[in-house]
Amino acid sequence: MTQNKILAYVGTPEDKEYLHRLKSLVGTAKVFVRLDEISTLVELELWAKERSITGIFLNQKHLLKKLVGVESRANPSLDSYQGSYLKRNGIEYVVLNPLEHLVKVNYAPFTFKRFLSKLLTPEKWNPTPEFHWKLYEPSNCEAIYERFKTAIVISIDIETTENPLRITCCSYTGVFSSATGALETYSYVIPIKDDYTWVWVDRFNQLPAPKIFQNGKYDISYFLHYGSSVHNYLFDTAHAFHAWLSELPKDLGFLGAFFVREAMYWKDLAKTGDMMDYYLYNAKDSWTTALVFLYWLLEVPEWAVQNYCDEFPLVFPCLLAEMTGIKQDQEIRAAAYAETEVKINDLTAEIQQSLGGRSFNPGSPKQCTTLFKILGVDVTSTDEKNILKYSLIHPLIEWYGTRILQIRKLRKENSTYLVEGKNYHGRILYALNPQGTDSSRLASSKHHFWCGLQIHNITTGPSVRRCFKADEGFYFGEADLEQAESRDTGYISGDENLILNVSGSKDFHSINASAFFGLSYNDLYDDVARRSKNKPIRNIAKRVNHGANYNMGANVLVDTMGIPALREAQKLLDLPKIWSPKTVAEYLLSRFNATYPKLKGQWYASIIQEVITTTMLVSRAYHHTDSPPLSEQEIRRRISIGGWTRYCFGRPDKNKSDLNSYVAHPPQSLNAQTLNKAWMRVFYEIAMNPQFSRNFRLLAQIHDSILFLYRRGHEYLATKVKECMEIPVTVLGADKVYRTFTVPAAIKLGAPPGAEFWHQTGD
DNA sequence: TGGCTCTGCGCC
DNA sequence: AAAGGGCGCAGAGCCA
């Protein structure tokens, strides 16, 4: 069938060197190619008709703009329209990204192939059902509501404005079984005009059918803001897709293009200023959400459904934590901001004076480059580690370097963390997104209400942390899984030395220092006093461990540790004086590899092997949370099925950054899974448990810790959190040995006075 | 002015 | 030749 079809690729001159990659994807189909600029659609159509071309893959931005419609004020980007389908004058168009993506983006060959098939093999696509929609009217709502009572599933999408914070309209798409047994859809949009329309929104939200959202925490936060909840939220397309192909984009525009042959990116419609367009756009969003979910169900492999079942429940504790937020003391914040500003101004004045009054912006990489070039530096980058490197050249460079870095730090503190207006009624909110990472870690961003902070990277310095205050009568508590990733690395790789060193009662970094450098452990650490006896050497071991964990090369270790630190290490360890910093770094890394010989050798090889033969990384771990306990046999059966599974588009055998990414994945992912299980337990056993909920507030998960508030006098709740987190795990190591271990959790409670502030985490 | 990319940097 | 993982946000600079 494809032989009869005549298609065309219309791109740009930049595509030329990648055309052979396109050819290998289209197979035997006849595809004309034009890379010169075509000024109008008429010209393009004429050219196409002369050659009986019926379908065009389009990568010319100005033509896309004409195709999308002149009424749109928006400037369409190819990326947001990738995979979109449009039809005009009998010619089908599919929008593609520049062919360069085939080389630069790991998943591009996969997505291109899928989008190309929209024209090459349309018969393989699910048919797109007809789109029907209606706008709310007082006269139609009752009847439509009655009909929606019979829906199989209902998808929901809302539109909002940021200022004021409100919902402008809500769209519901019901999926129904028709008389013939086929599925059909019907979409309904309710603009929020008054209390009466709001009542209808609330009634639709309470309908019995399971609900589908695209990133539902966003919509539900707004509903909650208005006092409406949603009944039976079970499905979410962002989580569903993430559970399958986590490395791919997850926005609704992309998902629509991915699953629905005739889908088009229509966000730009919302910008035309026409309210009917706006409502139509809202309707199409919920319609697409429904289709994406249904087609996902038809296509996904079993392991992705399993991933979904692990991931989706996390949404609820995340929502609770997001909507709780942390109180920010505005007086302390404003004072801290002013104090920092004075310091910034003083330092800036110093630099300016030295430059004869000329203005200079330390935040501008361009200006910093110019300055360092004038000072005679061969500048590659003006980031911190490079400035520290340049500073060794000459005291004058150091003079500027230290000031520039100081100013940048202070500016970051103010602009990101202390600036006014981030709070929502005095609280800092945030989003916790289980669909945000490839490893099943949560990602964090500012809150859906367009305010707040990313909660995972709050500066630990006192001026920022002191602004965060516990609610009246509460104290902060934080429980973290100790050395979790190193422990996980040991058990996953099966490196006995690492298992031994990380799971004993001794200080991990000191025992490493002892093993790396042949020193006596007793000279390095006092187990009784729990104190390091040689902090510099312990610190070297710590940084080497950190670097080696991420498969760092010697040069990068030089950059991260810095030349002075390496010189210091050279002296402390009595290494030959003629060694260069790079040689010292190489030596340090070699000591790590000699101590843990299975990591770089066997384990990395097994990861590469798994990815290139199966395109997946499967977690082989079982968390002991079932009650009653499972038999050993059943545990092994479950491990053989596998836990969190990541579909991999990278090539770890050919690309070091892909390899680094994939070797970092298993421990990071296993730790995340453990913490996620703990997160669920804390949610159900403490935060939502009527016995404790009054005295406990769940705040956040921060990579290896859980942050919470407990009411004064209820310290036992902190102990409960710790118990929830200490989950035994059975892991099948790369050496084919099953081992069971538990990562211990350590509680940090703010001791009064000061426990009402978010404590600075020490280390 | 808005949107985009790049740089730099905060945390684990 | 050389190659540090995972995130998100602010500012600079550039473009239309």
Side-chain angles (χ1 to χ4, degrees), chain A residues 61-62 65 73-80 246-247 268 271 361-369 380-387 404-405 407-419 422 430-433 435-447 452-461 464-465 478 480-486 489 543-561 582 585 589 646 650 652 654-669 671-672 675 700-705 707 760-761 763:
Chain A
K61 204 178 162 183
H62 68 283
K65 197 168 177 176
R73 277 186 289 153
N75 186 21
S77 79
L78 286 164
D79 194 55
S80 53
S246 67
E247 296 182 7
D268 292 332
K271 298 173 187 165
N361 181 358
S364 159
K366 210 180 157 199
Q367 292 183 32
C368 287
T369 302
T380 51
S381 151
T382 59
D383 62 8
E384 185 175 10
K385 63 179 195 216
N386 276 287
I387 288 184
I404 288 170
L405 292 177
I407 293 171
R408 285 201 199 145
K409 288 234 188 303
L410 294 165
R411 277 197 185 180
K412 174 93 176 176
E413 194 170 283
N414 262 5
S415 64
T416 307
Y417 303 105
L418 292 175
V419 70
K422 299 235 167 187
Y430 33 81
L432 293 167
N433 303 321
Q435 78 281 32
T437 74
D438 296 327
S439 63
S440 78
R441 263 189 175 183
L442 303 188
S444 177
S445 63
K446 67 177 164 199
H447 192 261
L453 291 169
Q454 203 274 52
I455 199 64
H456 284 169
N457 69 350
I458 308 289
T459 315
T460 49
V464 171
R465 290 276 169 119
E478 188 165 6
D480 71 292
L481 294 170
E482 293 185 294
Q483 298 293 351
E485 279 190 28
S486 288
T489 303
R543 298 175 78 163
V544 170
N545 173 65
H546 188 255
N549 273 341
Y550 296 130
N551 199 18
M552 202 181 265
N555 278 323
V556 181
L557 189 64
V558 173
D559 280 349
T560 31
M561 284 184 72
K582 189 183 171 186
L589 290 170
R646 172 176 178 180
K654 299 197 169 150
N655 182 316
K656 177 143 195 288
S657 84
D658 287 349
L659 173 64
N660 291 345
S661 165
Y662 292 136
V663 300
H665 174 88
Q668 204 169 88
S669 175
N671 178 44
L675 193 61
Q701 190 195 95
I702 306 177
H703 301 310
D704 58 9
S705 76
L707 182 69
Q760 297 167 58
T761 56
D763 188 13

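Note on naming: letters A, B, ... go to the chains in the order of the sequence lines (proteins, then strands), and numbering restarts at 1 for each one.
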Produce the list of close N/O pairs, under 3.5 Å, pairing protein atoms with atoms of nucleotides 1-3 of chain C; give distances to one decimal.
from	atom 1	to	atom 2	distance (Å)
C/dA3	OP2	A/N555	ND2	3.1

**Length of the CG-P vector between A/L453 and B/dC9, whole Å** = 19 Å
**Asked** So do the side chains of A/R646 and A/Y662 get within less than 4.5 Å of each other, counting heavy atoms only?
**Response** yes
**Message:** Just to be sure I understand the rule, does A/G547 reach a base, reach only the sugar-phosphate, or reach nothing, if contact means heavy atoms closer than 4.0 Å?
**Reply:** nothing
**Message:** Quick check for you: among C/dG5, B/dC11, B/dC9, whose closest atom lies nearest to any side-chain atom of A/T460?
**Reply:** B/dC11
**Prompt:** Quick one: is C/dC7 close enough that its OP1 or OP2 comes under 4.0 Å of any side-chain N or O from A/R441?
**Reply:** no
**Request:** Output yes when a side-chain donor or acceptor of A/R408 lies under 3.5 Å from a complementary backbone atom of A/P362, and no otherwise.
**Result:** yes
**Request:** Indicate whether A/Y550 forms a stack on C/dG5; treat it as stacked only if centroid distance is below 5.5 angstrom and interplanar angle below 30 degrees.
**Result:** yes
**Prompt:** What is the distance, rounded to the nearest whole Å, between atom CG of A/N671 and atom P of B/dC12?
**Reply:** 13 Å
**Complete:** In whole angstroms, the gap separating P of B/dG3 from NZ of A/K65 amounts to 13 Å
**Request:** Find the distance A/H62:NE2 to C/dC15:P and express it as a whole number of Å.
**Result:** 20 Å
**Request:** Just call it for A/D438: base, sugar-phosphate, or nothing, with non-hydrogen atoms closer than 4.0 Å on any strand.
**Result:** sugar-phosphate
**Item:** Sugar-phosphate only, base, or nothing, as touched by A/H546 at under 4.0 Å among non-hydrogen atoms
**Value:** base
**Item:** Distance between C1' atoms of B/dC9 and C/dG4 (Å, rounded)
**Value:** 15 Å
**Message:** What's the closest nucleotide to the side chain of A/S364 if the choices are B/dC12, C/dG13, C/dG4?
**Reply:** C/dG13
**Prompt:** Does OP1 or OP2 of C/dA10 have a side-chain N or O of A/K422 closer than 4.0 Å?
**Reply:** yes
**Request:** Between C/dC7, B/dT7, B/dG10, spot the one nearest the side chain of A/A443, thanks.
**Result:** C/dC7
**Item:** N/O donor-acceptor pair under 3.5 Å between A/T560 side chain and A/L557 backbone
**Value:** yes
**Asked** What are the two closest heavy atoms between A/I458 and A/R465, and how far apart are they?
**Response** O-NH2, 3.1 Å
**Request:** Grab the two heavy atoms, one from A/S444 and one from A/A431, that are nearest each other, plus how far apart they are.
**Result:** OG-O, 2.9 Å
**Complete:** Which of C/dG6, B/dC9, C/dG4 is nearest the side chain of A/M552? It is C/dG4
**Request:** Quick one: label A/S661 by what it contacts on the DNA or RNA (base, sugar-phosphate, nothing), any heavy atom closer than 4.0 Å.
**Result:** sugar-phosphate
**Request:** Give one of base, sugar-phosphate or nothing for A/E384, where a contact means two heavy atoms less than 4.0 Å apart.
**Result:** sugar-phosphate
**Fill in**
Heavy atoms of A/H703 and A/L442 approach each other most closely as CE1-O, 4.4 Å
**Asked** For B/dG8, does either OP1 or OP2 sit under 4.0 Å from a side-chain N or O belonging to A/S381?
**Response** yes
**Prompt:** Where is the tightest heavy-atom contact between A/Q668 and A/S439, given as atom of each residue plus distance?
**Reply:** OE1-OG, 3.8 Å
**Message:** Whether A/K409 contacts B/dC9 is assessed here as follows: a side-chain N or O lying under 4.0 Å from the phosphate OP1 or OP2. Is that the case?
**Reply:** no
**Request:** Can you figure out which of C/dG4, C/dG5, C/dG6 approaches the side chain of A/T437 most closely?
**Result:** C/dG6
**Prompt:** Side chains of A/K582 and A/N555: closer than 4.5 Å at any heavy-atom pair?
**Reply:** yes
**Asked** Taking CG from A/L589 and P from C/dG4, how many angstroms apart are they, rounded to a whole number?
**Response** 11 Å
**Message:** Base, sugar-phosphate or nothing for A/D480? Non-hydrogen atoms, less than 4.0 Å.
**Reply:** nothing
**Asked** Below 3.5 Å, does any donor atom in the side chain of A/N457 face an acceptor in the base of B/dG10, or the other way round?
**Response** yes
**Prompt:** Yes or no on side chain to side chain contact (heavy atoms under 4.5 Å, CB included) for A/V464 and A/E413, after CA distance, side-chain angles and deciding distance?
**Reply:** CA-CA 7 Å; A/V464 171; A/E413 194 170 283; 3.6 Å; yes
**Prompt:** Does OP1 or OP2 of B/dT7 have a side-chain N or O of A/T382 closer than 4.0 Å?
**Reply:** no
**Message:** Measuring to OP1 and OP2 of C/dC9, would you say a side-chain N or O of A/S415 lies under 4.0 angstrom away?
**Reply:** no
**Asked** Can you check the A/Q701 CD to B/dC11 P distance for me, whole Å?
**Response** 19 Å
**Prompt:** How is A/S444 classified with respect to the nucleic acid when contacts are heavy atoms under 4.0 Å: base, sugar-phosphate, or nothing?
**Reply:** sugar-phosphate
**Complete:** Taken to the nearest whole Å, CG/A/L78 to P/B/dG3 is 17 Å
**Message:** Nearest to the A/K366 side chain among B/dC11, B/dC9, C/dC14, which nucleotide is it?
**Reply:** C/dC14
**Message:** Tell me the interatomic distance from A/H703, atom NE2, to C/dG8, atom C1', rounded to whole angstroms.
**Reply:** 10 Å
